Every structure is written in C-alpha cells, then in structure tokens.
Amino acid sequence: MYRFEEYAEGIVIKNTADFNIKHIFDCGQCFRWNEQEDGSYVGVAYGRAVRIIQSDNDIYIKGGKIEDKELWEYYFDLKRDYGYIKSELSRDEILKEAIKHGEGIRILNQDMFEIVVSFIISANNRIPMIKRAVENISRRYGKEIEFEGKIYYSFPTPDRLIRADIKELEECGVGFRAPYIVDTVSKIYKGEVDLSNIKEFDTDEAFKELTKLKGIGPKVADCILLFSMQKYDAFPVDVWVKRVMQHFYLAPDVSLNKIRQFGRDKFKFYAGFAQQYLFYYAREFKGKDAF
DNA sequence: CCTCAGGGCTCTC
DNA sequence: GAGAGCCCTGAG
C-alpha cells in the first residue's frame, strides 16, 4: 500500500504499484508534462507546478505540498487497483502483449475544462503542436506560478479564457479550431453547458451532450469522458487505435464507429483502460513497420 | 451513409 | 519544394 511522506523539497508517494511516469505521461492523455534530460517530468496540474521524479516504486513530487495529498491521490488515480484491471484485460492475448509495453499506465483525473479545450485542439493535429498551443493559451490567459526559479502558467479557467477572441486564439496556434473554442468556452461560461452536470450522466447521455458542442465529435467526446469524467467504458478511436484494432481484431475497412462499438462491447467497463494500453502499444511500433 | 476542406508544421519523396 | 498526414470535425 502506498503512503505519502514529506521530504526536504516536497512530498513523496512511497511504495506505489503499477505506476510508471513515462507510461503515464506518454500515453496520450495529457499535454502539459515535459520530460527532462534526467527522466523526470515537469508540468502543471490544477494550478500546481511540480517536478515528478520516479525512483523504483517511489514517486517524488518536488514542489508538492502535503496539504495537496488528496489532490495528487485523485490526480494519479491511486485508489484504483490497476493490477486487477490488467489481469482481467490479459485474458485477451493481444491486450496481454500490449500491457507488457505500458504496464505502468494510469488514467489521470484531469480538469474537465482544460481537457475539453485541449482535445478540441487535438483534432487532426500532432502532439507537439497541441502541446505548444495549450502552452501558449496558458501563458496568455492563465495565472503565473513560480517554481524552481522559473515562471509556469496554470491552464485558464472559463472566466479568463472567455476574454480570448478568434484572432488571439489563432495566434496561440490553434488554427481553424479557434471558432470552435470561442463557441464552446462561451457556452460553458454562460452556464448553457455545465460540465459537472454532464459528468453525472451515464456515458451515452454524457456523450450526446458533449457532441452537441462545436469542435467535439465522437473521438474528442470519448477522450473528455475518459480523461476527465471517469467514464471508463468510453473507447476513443484515434488513428493509432484504429490501426491496432484493424490489424489485430477487425477488417481494414471497418468504420470508426464500428471499431468504437466493438471496443466497448469487447472490453466493457474496462474499455478505456484497454484503449490506453493499445494506444501506447501502437505508438511504440511507430516507424517499425508493424502495421 | 458519404466526401471534403480545414492551420501549420514535419516527415517523406 | 511539393505532397501527405496529423490523437478529427463540420458542412454539404
């Protein structure tokens, strides 16, 4: 069982299980963590700038405060037994292999508003570009946070991002998605859309509500559900998951919606976890001519 | 159900 | 240097 302790420069989570910071931060669920030369990750979550350092099963949160213990416990989804989920999913031979590659993946509990905007930007985009745009938006509309002598920025809240117009967002590098962001942020700001309320719906109802918003199609909605609303039966199908699914399970011409349904039916309430292992697996093979 | 355009950047040729 | 493709969506 893990436990939190304080140390000179922050807090440490001792004795974690199924926890690998590289797997967690590189499995496509987050855009604000950057790997450093020493293998640690620096990033901002819920307005806190910290450095995450892994030493075997101990996770150091440099700059972390002990009063935020519950916040980090929630963020890293520590209460969930990933060992059990993996053993269930390993009954499928392909998942068993995929899990070997990303055995330390955990699904982060991220801020809903940040995830909505970040994944609108993700549409037909590349990860470095998404990261850059999210960073630019944070720098322009977020709050300053000082850490290790540098200035970092929190992702803006709706009442701050509402000030952004299409032109400014384009300058941040979001491209043709700028009007979608303006529209969706305004609906959230005005209360026409209440993300906390949508979170209480079941997965299908929440999916319907989210896809009503500009810039949110099936794939982006599934990402929002999985990465910020704890809907673990969601199965986001991006190009990578599409490739693995068509290679291992389905015919090459099966539609995205069919793949989504297949994944949800096959993996049930673990579909979202399966998707993460498959995504990480697929990207490991990038350029290796596997698919 | 279908097709297609849509920042801008990077990889490929 | 052109062309394809990108964690895809909206419009037709």
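Chain identifiers are assigned alphabetically (A, B, ...) following the order of the sequence lines, protein sequences preceding nucleic acid strands; residue numbering begins at 1 within each chain. Quick caveat: nothing in here was measured; it's all calculated off a predicted structure.
- Salt-bridge formation is not detected for the pair A:E170/A:K167: no Lys NZ or Arg NE/NH1/NH2 atom is positioned less than 4.0 Å from an Asp or Glu carboxylate oxygen.
- A:E168 has no carboxylate O lying under 4.0 Å from a charged side-chain N of A:R163, or vice versa, which leaves the two without a salt bridge.
- Nucleic acid contact class of A:F31 (heavy atoms, under 4.0 Å, all strands): base.
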### Query
In dot-bracket, 5' to 3', how would DNA chain B read with Watson-Crick or G-U wobble pairs under 3.5 Å, [ ] for crossing ones and | for pairs to another strand?
.|||||.||||||

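- Spacing of P atoms, C:dC7 relative to B:dC2, comes out at 23 Å, to the nearest Å.
- Figure legend: cation-pi geometry between A:R48 and A:Y153 absent, as NZ or CZ is not positioned both under 6.0 Å from the six-membered ring centre and within 45° of its axis.
- At the phosphate of C:dC6, neither OP1 nor OP2 sits under 4.0 Å from any side-chain N or O atom of A:R283.
- Under the side-chain hydrogen bond (donor to acceptor under 3.5 Å, both in side chains) criterion, A:Y2 pairs with A:E73, sequence neighbours left out.
- Of the charged side-chain nitrogens involved, at least one lies within less than 4.0 Å of a carboxylate oxygen, so that A:D204 and A:R264 count as a salt-bridged pair.
- In this structure, CZ of A:R32 is placed 21 Å from P of C:dC7, rounded to the nearest angstrom.
- If you take CZ of A:F279 and P of C:dC8, they are 9 Å apart, rounded to a whole angstrom.
- Here, C:dG10 and B:dC9 have their P atoms 24 Å apart, quoted to the whole Å.
- With rounding to whole Å, A:D238 atom CG is found 17 Å from C:dG5 atom P.
- Not counting sequence neighbours, the partners of A:N125 by the side-chain contact (heavy atoms from CB on, under 4.5 Å) test are A:I121, A:M129, A:I130, A:R177.
- Note on ring orientation: taking the six-membered ring where Trp is involved, the planes of A:F31 and A:F119 are tilted (angle from 30° to 60°).
- Within residues 171-186 of chain A, the residues that place at least one heavy atom under 4.0 Å from DNA chain B are, in residue-number order, A:G175, A:F176, A:R177.
- Counting atom types as modelled, A:K219 pairs no side-chain N or O with a base atom of C:dC8 as donor and acceptor under 3.5 Å.
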### Task
Check the pair A:Y141, A:D159 against side-chain hydrogen bond (donor to acceptor under 3.5 Å, both in side chains), reporting the backbone distance first and the verdict last.
CA-CA 10 Å; A:Y141 305 100; A:D159 63 299; over 6 Å; no

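- In this structure, B:dG7 is classed as syn because its glycosidic torsion stays within 90° of zero.
- Between the C1' atom of C:dT9 and the CD1 atom of A:I121 lies a distance of 14 Å, rounded to the nearest Å.
- Note on ring orientation: taking the six-membered ring where Trp is involved, the planes of A:W240 and A:F279 are perpendicular (angle over 60°, cut-offs 30° and 60°).
- Without hydrogens or angle criteria, A:S255 side chain to A:K258 main chain gives a donor-acceptor distance under 3.5 Å.
- As a whole-Å value, the separation of A:N125 CG from C:dG10 P is 15 Å.
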### Message
Walk me through whether A:Y232 and A:Y270 qualify under ring pair (Phe, Tyr, Trp, His ring centres under 6.0 Å).
### Response
CA-CA 6 Å; A:Y232 299 112; A:Y270 299 126; 9.3 Å; no

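- Counting any heavy atom pair closer than 4.0 Å across all strands shown, A:V241 reaches no nucleic acid atom.
- For the ring pair (Phe, Tyr, Trp, His ring centres under 6.0 Å) with A:H23, the lone residue among A:Y41, A:Y280, A:Y281 that qualifies is A:Y280.
- With rounding to the nearest 0.5 angstrom, the CG atom of A:L95 is 5.0 Å from the CG atom of A:L89.
- For DNA chain C, the residues of residues 206-218 of chain A within the heavy-atom distance limit of 4.0 Å (strictly under) are A:L213, A:K214, A:G215, A:I216, A:G217, A:P218, sorted by number.
- Rounded to whole angstrom, the span from the CG atom of A:L256 across to the P atom of C:dT9 amounts to 9 Å.
- Between A:R91 and A:E88 there is a salt bridge, since a side-chain N of the basic residue sits under 4.0 Å from a carboxylate O of the acidic one.
- Summarising the geometry, the separation between CD on A:Q276 and P on C:dC7 is reported as 14 Å, rounded to the nearest angstrom.
- Between A:Y7 and A:Y60, the two ring planes are perpendicular [angle over 60°; tilted spans 30° to 60°].
- You can see that DNA chain B meets the heavy atoms of chain A within a 4.0 Å-exclusive cut from B:dG6 to B:dT10, reading 5' to 3'.
- Distance noted for atom P between B:dG7 and C:dG12: 15 Å (whole Å).
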